[in-house]
Amino acid sequence: MSLIGHFIAGEVVTDAPRTLPVYNPATGESNKTVAVADSATVERAIEVAQAAFPAWRNTPPMKRARVMYRFKELLEANADKIVAMITDEHGKVLDDARGELMRGIEVVEYACGAPELLKGEHSKNAGPAIDAWSEFQPLGVVAGITPFNFPAMVPLWMYPMALVCGNTFILKPSERDPSAPLFIAQLLKEAGLPDGVFNVVNGDKEAVDTLLSDPRIEAVSFVGSTPVAESVYRTACNHGKRCQALGGAKNHAIVMPDADADDAADALMGAAYGSAGERCMAISVVVAVGEDTADTIVEKLKSRIAGLKVGPGTDASHDMGPLITQAHQQRVASYIDRCESEGAELVCDGRQYSVPGHEGGYFLGASLFDRVKPGMSIYEDEIFGPALCVVRVDSLQEGMKLIDDHEYGNGTCIFTRDGEAARFFTDNIKVGMVGVNVPLPVPVASQSFGGWKRSLFGDLSIYGPDAVRFYTRRKTITQRWPSSGLREGAAFSFPSSK
Ligand code: NAD
């Protein structure tokens, strides 16, 4: 058994009053445990991050960016190792793990523009001989709490931007796949980041609760399920902290009658079943406009599902790996159990999927539910597994109303050849990230990522330009240097430019 520790003050620390097992979901076996931080360990990390803040705050943005340049090179040089760690503990196929790492590296690349991003805003002659400008000042110690499904990418959505803005950072990664974030922390040190500027504490609710209540933590970025996101947001706000908390999703794809059905079916296969459906941007509902469109898309999906290769992520021929835990595998299976009793049609049944030689692995095949309706739990809940619903509607407007009425508003897309329909959709739909013939519309690093409704609590999205706003505090300075000719005496009216 090896023990995965914390990273505090530039050292791996293995203090562990409690530990939790870390599984390989492709085998169901565990030969690692992860240290679970108690309040004392978290408080030590906060103390270290607070002590490192003054020097890091005063480090020129260009020098902070140079650390990111070296960090990017180290991430690329160690990509095979990181990807293997992700697949070992998460289960996703190696190519998919590489994709998540590359999307994380893109945020590091964007963070390299820190000198440009932080140069502020200036108004020369805002008044007579008066100049005014706004600066973006760092907040202090900030924390990030991340989910299991992207153990490298989601932390990388947060700390490269927080660090180049001059903050120090404490990451609390998912306890289910903690190796990659811990390894990456050591690369930051190798890239030249001063000790204490970036720290990792592994753990669960106890560690999170300590971060949320400690007055030395200025801001919290959270990504995870909606119930936890909402509770983290409320608690952080009650403690006077700035918070952005990204939650769950139920992403719908509209397929219009004029769409290329083969292209749409191919795109939907990857978007629904890639990473075993454990993506916050996964498509989990197909909204087919018209009965003919629905019949065609269901047939095309059915034949593609028959050819889907499910097995350990380490085998490059596989399309989809296992679910994260046995409990989650059983939860997803319980929705398949309910499909027919709720009145939907079970077109493909992914239960009892066994991979020879990996009988202990948490595998499910792909499931497809047709004639799904609002009100059914398979429609309302985020299943977060390889299960795709098909809802049949008569018009684009009816499909859009379904999407608007759903509690989540993370991502959505439309497959069509009609520009007018696409424009109407992008203009009016109540969802934060929208694709047109793009099934996973994950914004690039120079845009910001965030959903609407109960998919995001807070005002600012993650990474991109919003991250500069989130991880800094604006200070506006109005200045003049009076010379003898400018002296005006006391003025009692409110200052204005006369
Ligand atoms: P989760 O909510 O169970 O856990 C997320 C983090 O919160 C983990 O670090 C975990 O240790 C911690 N945590 C769990 N329960 C807690 C509690 N009661 N109090 C305090 N902290 C707690 O989520 P998960 O299962 O790891 O990840 C899957 C979820 O994340 C899905 O709902 C998915 O949609 C969502 N997600 C959303 C986005 C997005 O950008 N909106 C991205 C990725 C994942």
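Both counts, for ligands and for their atoms, begin at 1 and track the order of listing.
D96 has a carboxylate O that lies under 4.0 Å from a charged side-chain N of R279, or vice versa, which qualifies the two as a salt bridge.
Distance alone, capped at 3.5 Å, places no donor-acceptor pair between the D370 side chain and the A344 backbone. Remark: side-chain polar atoms of D466 are paired, donor with acceptor, to backbone N or O of S461 under 3.5 angstrom.
A heavy-atom cutoff of 4.0 Å around ligand 1 is satisfied by the protein residues I145, T146, P147, F148, N149, W157, K172, P173, S174, E175, R176, K205, V208, F222, V223, G224, S225, V228, L246, G247, G248, C280, E382, F384, N410, F449.
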Which pairs of donor and acceptor atoms, one on a side chain in residues 428-440, lie under 3.5 Å apart (sequence neighbours left out)?
unit_1 : atom_1 : unit_2 : atom_2 : d
N428   : ND2    : F424   : O      : 2.9
N437   : OD1    : T416   : N      : 3.0
N437   : ND2    : T416   : O      : 3.0

Residues 2-14 side chain polar contacts: donor-acceptor under 3.5 Å, at least two apart:
unit_1 : atom_1 : unit_2 : atom_2 : d
H6     : ND1    : N202   : N      : 3.0
H6     : NE2    : D15    : O      : 3.4

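For residues 237-246, the side chain to side chain donor-acceptor pair (under 3.5 Å) pairs, not counting sequence neighbours, are S221-Q244.
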